[in-house]
Structures are given as structure tokens and as C-alpha cells.
Amino acid sequence: GTESNVTYATGYIDKAAVFNGSSSKIDLGNNSTNNSSTTSVSLWFKTSGHSGTATIINNGGANSGENGYYLGLTSSGYLRFNSTSGNIDGSVNYADGNWHNVIMTLNNGAYNIYVDGNTTPILNSSSGSFTGTASRPTWIGQFSYTSAALEFFNGSIDQLRIFNRALDSGEALQLYNE
């Protein structure tokens, strides 16, 4: 992938990518590995907050009227999952300056989002469904759709991993404990 205005500092594990909240992003490209309808993403993030919505990772989503997913934070620090079914928001403030692990699993319409080793997902398919294979490139730290709504992330992201299958809750716990 390509990087724009990303720096590196001490992370949760080794070095973390630091996003400045105004121009930083990592572009992983538009390929079948990143844009499958069956995938999992695991990462650690740390932020002290945003004035608006902030993108962690995405390759489309309902805001763009396209297939794909969006994972970010609201201005309240709540995790936001966005897919063809619209915005689904959590209710816990994770913009607290501490490291948090988030794992998103997508399995041909079903999704689960696990946080900090909890084997019960904080968001899941009971709130709608994830649809289809994305057509946008996968970007970290910035919304990949429109220049009017870039939604930059201000903080650090570490240990990003993309899997070509949907992880289960036990695997999510194992990643958290690594």
C-alpha cells in the first residue's frame, strides 16, 4: 500500500502508525484480498477523540451508496460500523487515550465486532447486514469515498491484520491476548 503523512511511534506492539487527523492515510489498494465479502480485520487503536466522525478502516459503505464496510468512531468515541444497511453505533466511549483492540468479522452478510477480548460482540448482524464485495480501495485512517467527507483519524493504529475468513469469538480472544 501507499502512505500519506503517516509517522511512526511507540505502539501497543513495537511501532504504531500515527495519523494526524487532517491528511494521514494508508491505501491498501483495491484487490480481492481486501475487498472480499468474507474477511476479518484485527487492529489496535488509540485516540483521545475527534470533533466529527473518524475513519479507522473502510472500503466503501452506506455513506458512499456502495458495497463495502466502514469502521470508525463517532464524535462521542463510539465505534461505528457502516455497511449497506446504514450506520450502526456502539454505546461505549473508546476515545479515552488508551489502546483498544477491535476485531471485525464479515461472513457473506453476517458480521460481528469484538472489542478488547470480549467474546460477546458489541455490534452484530442483529442490527442489519453487510452486503457484497467492495468496489473501493481499502484505506486506513481516512474515508475512501468523497472529498467532502474525508473523516480523518487522529491517533495511532497498530498491528493491523486482514484475514481471508471470518474469525470466531475464540480466535478474537486469542488475538487480543497475543
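In this chain, residues are counted from 1 in sequence order.
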Undergrad: Nearest 0.5 angstrom please: Ile113 CD1 to Asn124 CG, how far?
TA: 9.0 Å

Undergrad: To the nearest 0.5 Å, what is the distance between CG (Asn154) and OG (Ser22)?
TA: 8.0 Å

Undergrad: Counting distance only, does the side-chain N/O of Asn107 pair as donor-acceptor with the main-chain N or O of Thr38 below 3.5 Å?
TA: no

Undergrad: Backbone N or O of Tyr78 within a donor-acceptor pair of the Ser76 side chain at under 3.5 Å?
TA: no

Undergrad: Could you go through the side-chain contact (heavy atoms from CB on, under 4.5 Å) check for Ser156 and Trp99 one step at a time?
TA: CA-CA 9 Å; Ser156 300; Trp99 283 104; 3.5 Å; yes

Undergrad: Minimum heavy-atom separation for Gly29 and Asp27, please, with both atom names.
TA: N-OD1, 2.7 Å

Undergrad: Same cluster for Ile26 and Leu71 if Ile/Leu/Val/Met/Phe/Trp/Tyr side chains link at under 4.5 Å?
TA: yes

Undergrad: Could you check whether His50 and Phe152 have their ring centres less than 6.0 Å apart?
TA: no

Undergrad: Please collect all ring-ring contact (aromatic ring centres under 6.0 Å, His included) contacts where either partner lies in residues 27-48, sequence neighbours excluded, each pair once.
TA: Tyr12-Trp44, Trp44-Tyr176, Phe45-His100

Undergrad: Quick one: do Ile56 and Leu106 end up in the same hydrophobic cluster if we chain Ile, Leu, Val, Met, Phe, Trp and Tyr together by side-chain heavy atoms under 4.5 Å apart?
TA: yes

Undergrad: Taking Arg165's backbone N and O only, do any of them form a donor-acceptor pair with Ser40's side chain (distance below 3.5 Å, no angle check)?
TA: yes

Undergrad: How long is the span from the CD1 atom in Ile103 to the CG atom in Asn118, to the nearest 0.5 Å?
TA: 11.0 Å

Undergrad: Nearest 0.5 Å, please: how far is CG in Asp96 from NZ in Lys46?
TA: 10.5 Å

Undergrad: Donor-acceptor check, side chain of Ser75 to backbone of Thr53, threshold 3.5 angstrom: yes or no?
TA: no

Undergrad: Side chains of Ser23 and Asn5: do they bring a donor and an acceptor to under 3.5 Å?
TA: yes

Undergrad: So if you build clusters from Ile, Leu, Val, Met, Phe, Trp, Tyr with side-chain heavy-atom gaps below 4.5 Å, do Leu150 and Val18 land together?
TA: no

Undergrad: Report whether Leu160 and Tyr69 are members of the same hydrophobic cluster (ILVMFWY, side-chain heavy atoms less than 4.5 Å apart, transitive linking).
TA: yes

Undergrad: Assess whether a salt bridge exists between Arg80 and Glu151, defined as any Lys/Arg side-chain N lying under 4.0 Å from an Asp/Glu carboxylate O.
TA: no

Undergrad: Please walk me through it: do Leu28 and Ile162 pass side-chain contact (heavy atoms from CB on, under 4.5 Å)?
TA: CA-CA 11 Å; Leu28 299 180; Ile162 298 176; 3.7 Å; yes

Undergrad: Quick one: CG on Asn31 to OG1 on Thr138, what's the gap to the nearest 0.5 Å?
TA: 7.0 Å

Undergrad: Let's go through Thr105 and Glu171 carefully: what are the C-alpha distance in whole Å and the side-chain angles of both, what is the deciding distance for side-chain contact (heavy atoms from CB on, under 4.5 Å) to 0.1 Å, and is it a yes or a no?
TA: CA-CA 11 Å; Thr105 68; Glu171 290 169 311; over 6 Å; no

Undergrad: For atom CD of Gln174, is the number of surrounding heavy atoms from other residues, nucleotides or ligands below 6.0 Å larger than 12?
TA: no

Undergrad: The test is side-chain contact (heavy atoms from CB on, under 4.5 Å); show your working for Leu79 and Val102 and say whether it passes.
TA: CA-CA 9 Å; Leu79 274 173; Val102 60; 3.9 Å; yes

Undergrad: From the options Tyr111, Phe143, Phe81, select the one residue that forms a ring-ring contact (aromatic ring centres under 6.0 Å, His included) with Tyr70.
TA: Phe143

Undergrad: Between Asp158 and Ile13, is there a donor-acceptor pair closer than 3.5 Å when you use the side chain of the first and the backbone of the second?
TA: yes

Undergrad: To the nearest 0.5 Å, tell me how far Leu123 CG sits from Ser91 OG.
TA: 8.5 Å

Undergrad: Whether the side chain of Asn101 engages the backbone of Leu43 through a donor-acceptor N/O pair (distance < 3.5 Å, no angle test) should be reported.
TA: yes

Undergrad: If hydrophobic clusters are built from ILVMFWY residues whose side chains come within less than 4.5 Å, do Leu173 and Tyr94 share one?
TA: no

Undergrad: For the backbone of Asn82 and the side chain of Asn87, can you confirm whether one donor and one acceptor N or O come within less than 3.5 Å of each other?
TA: no

Undergrad: Between Thr47 and Gly49, is there a donor-acceptor pair closer than 3.5 Å when you use the side chain of the first and the backbone of the second?
TA: yes

Undergrad: Is there side-chain contact between Val115 and Val92, with at least one heavy-atom pair below 4.5 Å?
TA: no

